[in-house]
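Lettering of chains follows the sequences in order, A, B, ..., and the numbering in each one begins at 1. Atom set for the values below is all heavy atoms of this structure, side chains included, hydrogens, waters and symmetry mates excluded. These numbers come from a predicted model, not from an experiment.
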2 protein chains.
Amino acid sequence: MATINDVAEKAKVSVVTVSRLLNHPEVVNAKSAEKIHKAMEELHFQPSQIARSLAKRRTNTLGVVMPDVKNPFFNKWFRCLEEYATIHQFSMLLCNTDDDPEKEMRYIKLMQAHRVDGIVIVPYAKKSIEYLIKSGQKFVLVDRIFKDLEVDFVTTDHFRGGYEATRYLISLGHRRIAVLRGEGYIFPDAERYSGFQKAMQETGIQIDENMIMNCGLDEGKAYQQTKELMNREERPTAVFSFNGLMSLGFIQAVQEIGLSIPQDVSLLGFDEIQGYGIFRPKVTHVIQPIKSLGEFAFDMIAERIKKADSVRQQIFLKPLLIVGDSCIQI
Amino acid sequence: MATINDVAEKAKVSVVTVSRLLNHPEVVNAKSAEKIHKAMEELHFQPSQIARSLAKRRTNTLGVVMPDVKNPFFNKWFRCLEEYATIHQFSMLLCNTDDDPEKEMRYIKLMQAHRVDGIVIVPYAKKSIEYLIKSGQKFVLVDRIFKDLEVDFVTTDHFRGGYEATRYLISLGHRRIAVLRGEGYIFPDAERYSGFQKAMQETGIQIDENMIMNCGLDEGKAYQQTKELMNREERPTAVFSFNGLMSLGFIQAVQEIGLSIPQDVSLLGFDEIQGYGIFRPKVTHVIQPIKSLGEFAFDMIAERIKKADSVRQQIFLKPLLIVGDSCIQI
DNA sequence: TATAAAATGTTAAGCGTTTATCATAATTAG
DNA sequence: CTAATTATGATAAACGCTTAACATTTTATA
């Protein structure tokens, strides 16, 4: 591949002028610029980001470390981040940890070896974050945070999401509310649950611990738990499901049992279901401002890259309750 | 961040020895190796991939250019590729084209600027591939190919998938078979349809063009088309849906109309449905060897990187028909 | 202990850029 | 036409590593 020298030669200017055009186009005059551009075209020249990175100590690339792009929430978020970052001339190195602490650590170090300018991470282990801090790495946390760590982050206000959803169910007259939740020690899940608790307490409703179902992460577990739950003598009148996949498992199980939503049980879900647009009844659900989660994440890391000592930012974004037809007044 | 010089100094060896350890560990003896490793640890040293890349003219990174990670098929594939590539010490720069030719072109050039060792691409525009060829870029095509282009590729044998699925439906006695297809000019879709045609012709069944429904890409269109299709006087006895999202749209529409699968209509889908594991009836579907698509893609590009003149590889992988309960004999 | 082999060091160039400094040339203004 | 501006050039060092060639030291072997 052609180098800057080849371009200079072909355009009959010095390499310095070419470099100037690349980095400070305003200081080279129109004629030269044109000659150089022409030479670049002809040679299919693309300045080596590698060499530039080395010289400028800036790679213009971001490391994105997340649990799993297969997860619909994360892949939507990633796309938003990518789109926004691309506009700002950043590329992304992507890796998936599967919530495995060792992978997470390994990948973080890999990103550092690549000298990414910053890391955007949806973390799993606190230890990883402590390492990031102590190694002086610039980074921002997304979605999952650690309350006692003084770092930049942007996340949905999961507590509020859980709270408002629950209040909504209560306002419809529901008292026996079941919860399909995931890994309780992960921030979003824990917060949503706290929100749920608060709403229940505030309104003086006793939480029935037997109706708090732990469903891991996938729809299979939620499906099984639902079968068990809905075949009890005393069924819940409403179910609050903590993510889209669980909602799916719930719906399927309920259908098989021969019950219907919302006549027999109301459903309120967190996040969307893949292909949800056509589901009937439309499920009432809490959505997260995914686009903003991507854009804030970028803005924050960009800011931090610009000045290491810029003020710390901790942003909680408001979730939104989308009312469908899956919850009824009782 | 510490450099190789700092390490050398701390370990009281020359930089060359450190470099040797990094690149040809077999030539440095155990004691020195240990000293150096210790120094690296203490300094949190990570060799700069940037500097290494520049010196070695090798980045050990792959550019992955694909339509959209949000697509369940692609994100599964990407994960397989990532996992396998990581084992072989490759990192991945990822970008999504949304099947926009201009984005595709821009991203390809971006990858080149980053001097990726190779590009793995699920292409959209033929023009992009022609550019790749003429610029001497090393690359492999995945899933979507151009038959008249002499390049490395790995893809599912979509023709065979379409053919075998159709033969299966025919073997169950179906004659009025409808197809929910997507963008016909994209290779997989076109091939699946050709396979369908061949099977129909071979068995002397007339294709009813009115039952070939174009559904774009999303479940919404498939949903609408299904509603139209299934409300006709003469309904198909079976439907062959070309992807998971469409199957979803179909299922929902059929349910709403009040028909059931497979009693009123059989369904055979290509690819899986998100959360399909719990769907009842289990839908009969053709699956692609996603893992192999990832691993072959990597092996091929790795081979090509090793020797530019290695023999061209064009691989068609066998799809697999998974029989569920969504198709019945009539 | 002499000799061969293995490990390390020294030096230097190179990868493709950027950037600073200073000098010179071209253009514009007065 | 001269002085002030503006644009370019020449030169060189730097970014952090690799690699080759050769010299020297250390270790193992006979």
Could you state the atom-to-atom distance from [atom1] of [X] to [atom2] of [N] in whole Å?
| X | N | atom1 | atom2 | result |
| --- | --- | --- | --- | --- |
| A/N60 | C/dT17 | CG | P | 16 Å |
| A/N5 | C/dG14 | CG | P | 13 Å |
| A/R57 | C/dT17 | CZ | P | 16 Å |
| A/E26 | D/dT8 | CD | P | 12 Å |
| B/M1 | D/dC15 | CE | P | 16 Å |
| B/L21 | D/dT19 | CG | P | 14 Å |
| B/Q112 | C/dG16 | CD | P | 16 Å |

May I ask you to verify if any side-chain N or O of [X] is less than 4.0 angstrom from the OP1 or OP2 atom of [N]?
| X | N | result |
| --- | --- | --- |
| A/H24 | C/dT18 | no |
| B/S14 | C/dG9 | yes |
| A/N29 | D/dT6 | no |
| B/N23 | D/dT18 | yes |
| A/S19 | C/dT18 | yes |

Describe the nucleic acid contact of [X] in one word from base, sugar-phosphate, nothing, applying a heavy-atom distance below 4.0 Å.
| X | answer |
| --- | --- |
| A/V13 | sugar-phosphate |
| A/V28 | sugar-phosphate |
| A/K31 | nothing |

*asked:* Within the 3.5 Å criterion, strictly below it, is a donor on A/N60 or A/Q49 matched to an acceptor on the partner's side chain?
replied: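 Distance-only check fails for A/N60 and A/Q49.
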*Any donor-acceptor pair under 3.5 Å linking the side chain of B/R144 with the backbone of B/P123?*
yes
*Okay, side chain of A/E104, backbone of A/Y124: is any donor-acceptor separation there less than 3.5 Å?*
yes
_Interface residues of residues 39-56 of chain B with DNA chain C (non-hydrogen, below 4.0 angstrom)_ =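 Within residues 39-56 of chain B, the residues near DNA chain C are B/L54, B/A55.
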*Is the NZ or CZ atom of B/K109 positioned over B/Y131's six-membered ring, under 6.0 angstrom from the centre and within 45° of the axis?*
yes
*Give a yes or no on whether the ring-centroid distance for B/F316 and B/F153 is below 6.0 angstrom.*
yes
*Map A/A33 and A/V16 onto DNA chain D by nearest heavy atom, then report which one ends up closer to the 5' terminus.*
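Whichever sits nearer the 5' end wins; that is A/A33.
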*Below 3.5 Å, does any donor atom in the side chain of A/R20 face an acceptor in the base of D/dG9, or the other way round?*
yes
_Partner of A/V151 under side-chain contact (heavy atoms from CB on, under 4.5 Å), chosen from A/I145, A/L132, A/L141_ =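 Considering A/I145, A/L132, A/L141, a side-chain contact (heavy atoms from CB on, under 4.5 Å) with A/V151 is found only for A/L141.
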*asked:* A/D117 and side-chain hydrogen bond (donor to acceptor under 3.5 Å, both in side chains): which single residue from A/K306, A/R58, A/K138 fits?
replied: A/R58
